[in-house]
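Below is one structure, written out as structure tokens, with a few remarks after it.
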Amino acid sequence: MLESYLTLKAEYEIVPMEPKDCAEVALLHGERFPRVWDESEFQSLLGQETTFGFVARQTNAILKKALPGFVLARHVAGEGEILTIAVNAKLGRSGLGWRLMQAALREARSRGGETMFLEVDGGNQPALGLYRKLGFETVSERKAYYVGEDGQKSTALVMRRVLR
């Protein structure tokens with residue numbers, strides 16, 4: 001029995017983000033980005049009428065595990081924006097990023113969104129690959145926008161996807 005549990009493939013559900021999730025979301029965000037957003041920032045954003053998010057939860061875990069992933073977005077006047085998204089580093093290329101993004105895109109469409117924007121570090125190849133597969137196209141660049149932990153500056157790419 002224990003052996004079958006240890007080889008069990010993790011299963012995840014994507015559910016709406018709630019205020020009680022913000023501490024875990026901030027913790028994961030801090031693991032994945034040099035500019036950390038704290039729990040109160042996520043609470044404040046999630047409390048806005050125009051902001052929505054989703055978290056991934058493992059459904060077949062016996063013990064509580066770290067948050068696998070989340071996405072936070074907003075929708076205003078027909079335009080959506082991905083504010084931030086993160087997936088646990090151990091789960092890269094698992095499909096969770098895709099599923100989280102799909103949930104955000106569906107929600108933006110359901111709110112009347114016509115386009116979705118996001119901003120990504122031009123050197124983040126895994127994220128760029130995901131966004132391009134989702135149909136996002138680069139529409140502009142912001143040179144020397146991000147500053148890494150080493151002080152190096154990198155270009156931010158602004159990407160857009162038509163939702164309708």
Side-chain angles (χ1 to χ4, degrees), residues 1-76 79-121 123-136 157 159-164:
M1 180 68 154
L2 178 61
E3 191 174 303
S4 64
Y5 173 74
L6 294 175
T7 60
L8 187 66
K9 183 178 180 196
E11 295 175 7
Y12 301 96
E13 66 179 345
I14 307 299
V15 297
M17 186 186 295
E18 298 180 18
K20 67 180 179 160
D21 299 319
C22 289
E24 286 183 285
V25 166
L27 184 62
L28 178 56
H29 189 273
E31 292 171 5
R32 302 298 288 163
F33 295 98
R35 180 3 199 129
V36 178
W37 298 2
D38 66 25
E39 179 181 355
S40 66
E41 289 174 282
F42 281 103
Q43 290 274 358
S44 176
L45 284 165
L46 196 57
Q48 296 173 15
E49 210 174 285
T50 57
T51 305
F52 57 92
F54 295 92
V55 295
R57 294 278 180 209
Q58 186 173 346
T59 58
N60 61 344
I62 293 175
L63 302 174
K64 182 174 168 76
K65 295 187 174 190
L67 185 71
F70 73 89
V71 62
L72 187 68
R74 70 174 148 216
H75 172 263
V76 178
E79 291 185 352
E81 178 186 12
I82 301 296
L83 298 173
T84 187
I85 178 172
V87 173
N88 184 299
K90 296 176 185 173
L91 299 172
R93 303 192 62 80
S94 67
L96 272 182
W98 177 273
R99 292 178 60 197
L100 287 161
M101 287 293 293
Q102 289 289 350
L105 293 168
R106 275 192 305 274
E107 180 64 21
R109 266 193 304 272
S110 76
R111 292 176 178 225
E114 295 179 17
T115 56
M116 178 69 88
F117 289 89
L118 60 81
E119 194 174 88
V120 61
D121 187 316
N124 187 340
Q125 293 305 314
L128 285 169
L130 171 63
Y131 301 148
R132 287 180 179 134
K133 284 181 186 172
L134 285 163
F136 283 85
L157 302 179
M159 301 182 82
R160 177 183 65 205
R161 176 185 163 174
V162 175
L163 299 176
R164 300 275 171 195

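Residue numbers start at 1 and run along the sequence shown. Just so you know, these numbers use all the heavy atoms, side chains as well, and skip hydrogens, waters and symmetry mates.
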For the student: nearest non-hydrogen atoms of [X] and [Y], plus distance:
X	Y	answer
Pro68	Leu91	CB-CD1, 3.6 Å
Leu163	Ala108	CD1-CB, 3.8 Å
Ala26	Asp38	CB-C, 3.8 Å
Glu13	Arg99	CA-NH2, 4.0 Å
Arg161	Leu134	NH1-O, 2.9 Å
Met17	Val71	CE-O, 3.6 Å

Would you check if [X] and [Y] make a side-chain contact, meaning some heavy-atom pair closer than 4.5 Å?
X	Y	answer
Glu24	Val55	no
Arg57	Asp21	yes
Phe54	Arg106	no
Leu27	Leu67	no
Leu72	Val25	no
Phe136	Leu105	yes

Interatomic distance, [X] atom [atom1] to [Y] atom [atom2] [nearest 0.5 angstrom]:
X	Y	atom1	atom2	value
Tyr131	Met159	OH	CE	9.0 Å
Trp37	Thr84	CH2	OG1	5.0 Å
Phe33	Ile85	CZ	CD1	8.5 Å
Leu100	Tyr12	CG	OH	11.0 Å
Lys20	Leu46	NZ	CG	12.0 Å
Ile82	Met101	CD1	CE	4.0 Å

Hey, does the side chain of [X] reach the backbone of [Y] with a donor-acceptor pair shorter than 3.5 angstrom?
X	Y	answer
Glu114	Arg164	no
Ser44	Glu41	no
Asn88	Leu28	no

Please check if the number of heavy atoms outside Arg160 that lie under 6.0 Å from its CZ is greater than 12.
no

More than 12 foreign heavy atoms under 6.0 Å from CD of Glu49: is that the case here?
no

Between Glu81 and Arg74 (salt bridge meaning N to carboxylate O under 4.0 Å), is one present in this structure?
yes

Which of parallel (below 30°), tilted (30 to 60°) and perpendicular (above 60°) describes Phe42 and His29?
perpendicular

